[in-house]
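Note that the coordinates shown come from a computational prediction; the quantities given were computed from them, not determined experimentally. Both counts, for ligands and for their atoms, begin at 1 and track the order of listing. All residue numbers refer to positions in the sequence shown, counting from 1.
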Amino acid sequence: MSRTHRLDLDDQTLREWDAVVLDSGPDGIVLDRSAFYPGGGGQPPDHGVLLWGGVQTRIVDARKTGDDVYLVPLDTDPLPPPGTAVRGALEDDRRTALMRTHSGLHVLCGVVFRDFGALVTGGNMEPLNARMDFNLEAVPPGFKEAVEAACNTELRADRRIDVRTLPRDEAFRLPDIIRTATNLVPDDVKEVRIVDIVGLDQQADGGTHVASTSQVGRISVVKVENKGKGFRRLRIAIGDASD
Ligand SMILES: [Zn+2]
């Protein structure tokens, strides 16, 4: 049983909240409630701050260990002792950029599967920059431009991005989920969180996302790299819609 209630999974727009320190030590700080995304699925952890009695503890990393979320403070900042009431706050620029980037990658994934039949084999992101690897034998002429145009059409279409949790059996009856996640979700996971870009892409996903595709902004396909037989790496950058 997790000691930390994951506010980031309840409300992806939350940036400030009250919490109590349950544990603090060399491994980090455990709160009863936390909105720090602890990293995973290619999305890096949030940064932010804990405020307590006029003291500030900057959080520079977060990770999930077992069921608990550990917040890693800047090593020169004071550690709030267990029992301390704190105000948590996320670094909004970083988190919002990561949400736009993560949703942008799902749009890319949906477009490349729909238009070219290629499956994702890996991916990673930093705020506003990301890469995604696909299994694609041949790159047709104009591929880079076609993918970029199709992605931006989907952003302008302002598709809703819904997040819901389904029982495992029900989730794996969704054709898209079978395609993307059968081997990724451990056997002991009884409920599967689904991120659904309505009409384009559904994935089992634990990350944080914007509420609709127009909030991503604009996608540029920066580079298509050939990394070996059938292995293509697409690098994208996220900008504002007006760019
Ligand atoms: Zn994802």
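With sequence neighbours excluded, no residue forms a side chain to side chain donor-acceptor pair (under 3.5 Å) with E145. Checked against salt bridge (Lys or Arg N to Asp or Glu O under 4.0 Å), K223 has the following partners two or more places apart in sequence or in another chain: E225.
Among protein atoms, those of element N, O or S found less than 2.8 Å away from the Zn ion (ligand 1) are H102 NE2, H106 NE2, D205 OD2.
A donor-acceptor distance shorter than 3.5 angstrom exists from the side chain of W17 to the backbone of R33, with no hydrogens or angles considered.
The stretch residues 47-57 participates, sequence neighbours left out, in these side chain to side chain donor-acceptor pair (under 3.5 Å) pairs: W52-T57.
At a threshold of 4.5 Å between side-chain heavy atoms, the hydrophobic network of Ile, Leu, Val, Met, Phe, Trp and Tyr places F36 and M99 in two separate groups.
R160 CZ: 12 or fewer foreign heavy atoms inside a 6.0 Å radius.
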